[in-house]
Amino acid sequence: LDVEELGWSVVAISDNDQASATEAARRISSRCWEMRSEFMLKKTPMHEVVETIMKASEGPIVVSDGGDATTGGAPGDSTCVLSNLLGKNLGGEVLLNIVDPWAVEAAWGTSINEAVELDVGGKIDPFSSPVKVSGRILWKGEAKYTAMGEVGKGLIVNMGRAIVLAVGDLRILISELPGNPFEPEQYKCVGLDPQRAKAVFVKSITGFKANYEPFAKKIIHADTTGTTTHRLKSLSYVRAPRPLYPLDEDFSWDPFIKN
């Protein structure tokens, strides 16, 4: 968010002891500042992610596409992952999803098992462009499910009309609306099985772990572009107060205590 209030605070509540609360807030905020570099997650470049998938003898490898995390406000139509995977011999089914109502509409008249050529994704995401793909329709219909995992259990999710496109080893779920990226049912409801895939991409930064970790052979946080990228310096901030870490690094800081 590029807003004047951007930043962080520590709130300390005491039992009628203002001095104790003030000291706790000062201690915690100072400790957070000392640890600031440890909060910056180091992610794996996409070319290394692709190599890991290709070399893997078993799956699923679950990959976080955190740059296009729909629960963080991203549109879900980044083509960063697709463009890096397309044309590669991945050695097994790799599942990914893209939100693109225009591609769904273009393919809606195509029958199951028929071939279709589509311009997929990159229509809203400012960091990518549409990618032309040719594949075969494996599934189409209304993509609805009830979340069954630890996060959002019981939540009814409707992704609108959707298709599954087979392009080489890729199984691309293209939907009109974003789903719940924490939940394997997002793929299962359209006939795909994340547990039997070689790799699964999820548009989530951390929330997916509760549901995917029990069966994932490996979890990778991919360095992907998008509006929820961890590379904050790649974004344009106009309203945010400065200096502000990690946009700025060479400055000193002391906690401002407000009672």
Review point. CG/Asp65 to CZ/Phe208 distance, rounded to the nearest 0.5 angstrom?
Key: 10.5 Å

Review point. Are any non-hydrogen side-chain atoms of Leu247 and Leu232 less than 4.5 angstrom apart?
Key: yes

**Study point:** Under 3.5 Å side-chain donor-acceptor pair for Asn97 and Tyr187
**Key:** yes

Check your understanding: Charged N to carboxylate O below 4.0 Å: is that the case for Asp77 and Lys123?
Key -> no

Check your understanding: Linking I/L/V/M/F/W/Y whenever any side-chain heavy atoms sit under 4.5 Å apart, do Val120 and Phe127 land together?
Key -> no

Check your understanding: Any donor and acceptor pair, going by atom type alone, linking the side chain of Thr110 with main-chain N or O of Ala107 inside 3.5 Å?
Key -> yes

Check your understanding: Within a strict 4.5 Å, meaning less than it, do heavy atoms of the Arg242 and Tyr237 side chains meet?
Key -> yes

**Study point:** Note: Lys198-Glu93 ion pair, threshold 4.0 Å (strictly below)
**Key:** no

Review point. Quick one: are the ring centres of Trp33 and Phe251 less than 6.0 Å apart?
Key: yes

Point to revise | Inter-residue atom distance Thr146.OG1 - Leu155.CG, 0.5 Å rounding | key: 8.5 Å

Point to revise | Cluster overlap Ile61 with Leu170, hydrophobic side-chain contacts below 4.5 Å | key: yes

Review point. Atom NZ of Lys144 and atom CD1 of Ile156: how far apart are they, to the nearest 0.5 Å?
Key: 10.0 Å

**Study point:** Distance, nearest 0.5 Å, that separates OG of Ser29 from CZ of Phe256
**Key:** 12.0 Å

Point to revise | Side-chain touch Val116/Arg136, heavy atoms, less than 4.5 angstrom | key: no

Practice item. Following the transitive rule for hydrophobic clusters with a side-chain heavy-atom cut-off under 4.5 Å over Ile, Leu, Val, Met, Phe, Trp and Tyr, establish whether Leu96 and Trp139 coincide in one cluster. Key: no

Check your understanding: Which heavy-atom pair separates Gly67 from Thr224 by the least distance, and what is that distance?
Key -> N-OG1, 3.0 Å

Check your understanding: Within a reach of under 6.0 Å around CZ of Arg231, are more than 12 heavy atoms found that belong to other residues, nucleotides or ligands?
Key -> no

Check your understanding: Between atom CE of Met40 and atom CE of Met35, what is the distance when rounded to the nearest 0.5 Å?
Key -> 13.5 Å

Check your understanding: Are Phe215 and Leu95 linked, directly or through other ILVMFWY residues, by side chains that come within less than 4.5 angstrom of each other?
Key -> yes

Exercise for review: Using atom types as modelled and distance alone, determine if a side-chain donor or acceptor of Ser134 lies under 3.5 Å from a backbone N or O of Glu117.
Suggested key: no

Review point. Between Asp100 (side chain) and Gly121 (backbone), is there a donor-acceptor pair under 3.5 Å?
Key: yes

Review point. In terms of hydrophobic clusters joined by side-chain contacts under 4.5 Å, are Phe182 and Val200 together?
Key: no

Review point. Side chains of Ile220 and Ile53: closer than 4.5 Å at any heavy-atom pair?
Key: no

Review point. When you measure from the side chain of Asp125 to the backbone N and O of Gly226, does any donor-acceptor pair fall under 3.5 Å?
Key: no

Exercise for review: Decide yes or no for Val94 and Phe201: does some side-chain heavy atom of the first lie under 4.5 Å from some side-chain heavy atom of the second?
Suggested key: yes

Exercise for review: For residues Tyr145 and Glu185, report the shortest heavy-atom separation together with the two atoms involved.
Suggested key: CD1-CB, 3.5 Å

Point to revise | Main-chain N/O of Ala69 paired to Thr228 side chain as donor or acceptor, under 3.5 Å | key: yes

Check your understanding: Does Asp68 reach the main-chain N or O of Ser78 with its side chain, forming a donor-acceptor pair under 3.5 Å?
Key -> yes

Check your understanding: Counting heavy atoms not belonging to Lys233, are there more than 12 under 6.0 Å from its NZ?
Key -> yes

Review point. Can you name the closest pair of heavy atoms from Leu90 and Met54 and give their distance?
Key: CD2-CG, 3.9 Å

Check your understanding: Would you say the side chain of Ile172 lies within less than 4.5 Å of the side chain of Val167, judging by non-hydrogen atoms?
Key -> yes

Review point. Any ion pair linking Asp169 and Lys88 (charged N to carboxylate O, less than 4.0 Å)?
Key: no

**Study point:** Test item: Ser83 side-chain N/O and Cys80 main-chain N/O as donor-acceptor pair under 3.5 Å
**Key:** yes

Point to revise | Flag, side chain of Glu114 to backbone of Ser111, donor-acceptor distance under 3.5 Å | key: yes

Check your understanding: Do Asp223 and Lys42 meet the salt-bridge criterion of a basic N to acidic O distance under 4.0 Å?
Key -> no

Review point. Does Thr225 offer a backbone N or O that forms a donor-acceptor pair with the side chain of Thr229 under 3.5 Å?
Key: no

Point to revise | Lys140 (side chain) donor-acceptor with Trp108 (main chain) under 3.5 angstrom | key: yes

Practice item. Find out whether Ile98 and Leu82 are in side-chain contact, i.e. whether some heavy atom of one side chain is under 4.5 Å from a heavy atom of the other. Key: yes

Exercise for review: Check whether the ring centres of Trp253 and Trp8 lie less than 6.0 Å apart, and answer yes or no.
Suggested key: yes

Check your understanding: At what distance, to the nearest 0.5 angstrom, does NE2 of His221 lie from OG1 of Thr206?
Key -> 7.5 Å

Review point. Hey, mind stepping through Val99 and Ile174 against side chain to side chain contact (heavy atoms under 4.5 Å, CB included) and telling me if it holds?
Key: CA-CA 6 Å; Val99 179; Ile174 308 173; over 6 Å; no

Practice item. Search all heavy atoms of Ser236 against all heavy atoms of Asp2 and return the closest pair with its distance. Key: O-OD2, 3.9 Å

Practice item. Could you tell me whether Arg239 and Glu4 make a salt bridge, using a distance below 4.0 angstrom between a side-chain N and a carboxylate O? Key: no

Review point. Any idea which heavy atoms bring Lys43 and Ala222 closest together, and the distance?
Key: CD-O, 3.4 Å

Exercise for review: I would like to know whether Asp119 and Val131 meet side chain to side chain contact (heavy atoms under 4.5 Å, CB included); could you show each step before the answer?
Suggested key: CA-CA 5 Å; Asp119 288 322; Val131 172; over 6 Å; no

Check your understanding: Tell me, do Leu138 and Ile112 make a side-chain contact under 4.5 Å, heavy atoms counted?
Key -> no

Review point. If every non-hydrogen atom of Pro194 is compared with every non-hydrogen atom of Pro184, which pair is closest and at what distance?
Key: CG-O, 3.9 Å

Review point. Less than 4.0 Å between a side-chain N and a carboxylate O, is that true for Glu183 and Lys188?
Key: no

